[in-house]
There are 2 protein chains.
Amino acid sequence: MDPARIVISPSTASQVHDWLRKRVQRGDLPPGMRVSETEVAAAIGISRQPVREAFIRLASDGLAEVRPQRGTYISRISVSAVLSARFIREAVEADLARAVALARPADILDRMADEIACQHRADHAAKVEDFIESDDRFHRLLAQAAGQDAVWSDLERLKAQMNRLRHLSMRVFDRSFTIGQHQAILDALCDGNPDAAETATRAHLRQMLTEVPQMAAAQPDYFTD
Amino acid sequence: MDPARIVISPSTASQVHDWLRKRVQRGDLPPGMRVSETEVAAAIGISRQPVREAFIRLASDGLAEVRPQRGTYISRISVSAVLSARFIREAVEADLARAVALARPADILDRMADEIACQHRADHAAKVEDFIESDDRFHRLLAQAAGQDAVWSDLERLKAQMNRLRHLSMRVFDRSFTIGQHQAILDALCDGNPDAAETATRAHLRQMLTEVPQMAAAQPDYFTD
DNA sequence: TATGCCATACTTCCATACTAGTGAAGCATA
DNA sequence: TATGCTTCACTAGTATGGAAGTATGGCATA
């Protein structure tokens, strides 16, 4: 038997944490919403303690805010946090793109093309969730192609706030435009042109600079800073 | 009275977390060491629950590993995590350096020069802690000078593993060499030369590429991956 | 000697009870 | 009406006991 298939059953607290995190990221639990240890515990049918520990983890993720003796609230989306995460992504992915344009690993570039096709399909079918997941895979593949898979894992922690915003914005903004930018990046990579790849990547990620203020203005209750 | 001076007394759990985190980063609690809820609680004179919650936070920081029904251990330093954090820092600080070289905010450049002087003093006095703190301030000023203070806060989370390694390596490697690299960066910034600033920054951060394997080879028990 | 079983002493995890801080509603007072 | 006080329901924080899982050493057995 494959030793990797032996999984220790995860604790209640970490299961609750996973559940809450997904709900926050998808926007089911909107920014500013109050959550209560007691209520969540009662809803699940467990004691307060595991829920409390899940809240602590959620706070570490920057997705919740525990105010002692007052209550726990889903964090509002910090505009400055999103912008600084965006800055970091631009710098990092620009370097990744340069590296990939030089290495040009055929198999991974093929898979990136597959993802773009997937994004076209999701766009036409108006499946926002599918689109976002494929978008993530596309960027992850970029890191993988540069032999820096671990880098993407680190970025994901920073992306927590960005992800929530994306679930709002993807319903509003033109997805086909995003796909075009992905295609431009891939074209430059396949051409083996580092400068063009970097330029296309930076242009793609700077798109957010115009979108974030619009989102924040449209739903000010969800944002802070 | 200044409203900012009103501080709500932090919970026991978060105080324990701060205390443990500092001890891990300084190397007082070495990688691989076993820690126990019961023992820590008894040592401080409190119940197990706050200690347990501190452990959860520590695990979120990537500094500890809680193994259910088995024990809690201080994380070994992940070589790949350090390298990917380094990759991210190089990309980000290269962009920051370019921006600063164009803006050239005189006041902050002065403070960077002050930090270099501080590093000389700490080096001669062999005060490792002082040196590391000034090193951090130098890099934070770089972000500040680019108007991206929040970026440095994000990087600090990634630096958790790197920091521990630094407390080991700073005792070993030539600190005056590091100071020289800082000076080269600052010179390029003051010259208003973005290309030179980027080059100097990248060279500085690539230094780690040679140091990490040496550290890992010297103390294999402290590392993993 | 080698193997398998079991008692035991740990560990974290969860449930429960209690403490202490917060805030809002109600009421008395000026 | 406006102000200040009390009360009370509710919050998160902490203490403690016990449940469930794990590792280890001793001992009987082959």
Side-chain angles (χ1 to χ4, degrees), chain A residues 1 3-21 23-24 29-76, chain B residues 1 3-21 23-24 29-76:
Chain A
M1 177 178 171
R5 298 203 60 148
I6 299 176
V7 286
I8 38 181
S9 71
S11 69
T12 310
S14 76
Q15 290 184 62
V16 175
H17 173 230
D18 288 345
W19 181 63
L20 290 174
R21 199 184 53 225
R23 293 194 64 191
V24 173
L29 302 176
M33 179 182 179
R34 175 178 189 151
V35 288
S36 149
E37 293 179 1
T38 313
E39 283 178 21
V40 175
I44 304 178
I46 56 176
S47 76
R48 270 178 49 214
Q49 205 54 43
V51 177
R52 171 175 171 72
E53 297 180 358
F55 282 6
I56 292 175
R57 291 162 142 110
L58 215 56
S60 286
D61 298 334
L63 296 178
E65 193 179 342
V66 179
R67 295 202 277 186
Q69 267 67 38
R70 228 161 304 190
T72 301
Y73 299 83
I74 305 300
S75 302
R76 295 176 198 281
Chain B
M1 180 179 170
R5 298 203 60 150
I6 299 176
V7 287
I8 38 180
S9 72
S11 70
T12 311
S14 77
Q15 290 183 62
V16 174
H17 173 230
D18 287 345
W19 181 62
L20 290 174
R21 200 184 52 225
R23 293 194 65 191
V24 173
L29 302 176
M33 179 183 179
R34 176 179 191 153
V35 288
S36 148
E37 293 179 3
T38 313
E39 283 179 22
V40 175
I44 303 178
I46 57 175
S47 76
R48 287 165 5 230
Q49 202 55 41
V51 176
R52 170 173 172 74
E53 298 182 359
F55 282 6
I56 291 174
R57 291 162 142 109
L58 215 56
S60 286
D61 298 334
L63 296 178
E65 194 177 342
V66 179
R67 295 201 276 186
Q69 269 68 38
R70 226 162 305 191
T72 302
Y73 299 84
I74 303 301
S75 303
R76 294 177 200 281

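Within every chain, numbering begins at 1; the chains are lettered A, B, ... in the order of the sequence lines, protein sequences first and strands thereafter. Just so you know, these numbers use all the heavy atoms, side chains as well, and skip hydrogens, waters and symmetry mates. Computed from a predicted model, the values in this text were never measured in an experiment.
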Mind running side-chain contact (heavy atoms from CB on, under 4.5 Å) on A:V16 and A:F55 for me, showing each step along the way? CA-CA 9 Å; A:V16 175; A:F55 282 6; 5.9 Å; no
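- Annotation: the span from A:I44 atom CD1 to A:W19 atom CH2 amounts to 5.0 Å, rounded to 0.5 Å.
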Protein-proximity profile, nucleotides 10-16 of chain D, B/S/- by nucleotide at the 4.0 Å heavy-atom cutoff, equals -BBBBBB
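- Residues satisfying the side chain to side chain contact (heavy atoms under 4.5 Å, CB included) test with B:P30, not counting sequence neighbours, are B:M33, B:Y222.
- Rounding to the nearest 0.5 Å gives a distance of 10.5 Å between OG of B:S36 and OH of B:Y73.
- To the nearest 0.5 Å, atoms CD1 (B:I74) and CD (B:E65) are separated by 10.5 Å.
- Atom CD of residue B:E37 and atom OG1 of residue B:T72 lie 6.0 Å apart, to the nearest 0.5 angstrom.
- In this structure, B:S60 OG and A:L58 CG are separated by 10.0 Å, a value rounded to the nearest 0.5 Å.
- On the nucleic acid side, DNA chain C contacts chain A at distances under 4.0 Å to non-hydrogen atoms, with the end points of that region at C:dC14 to C:dG23.
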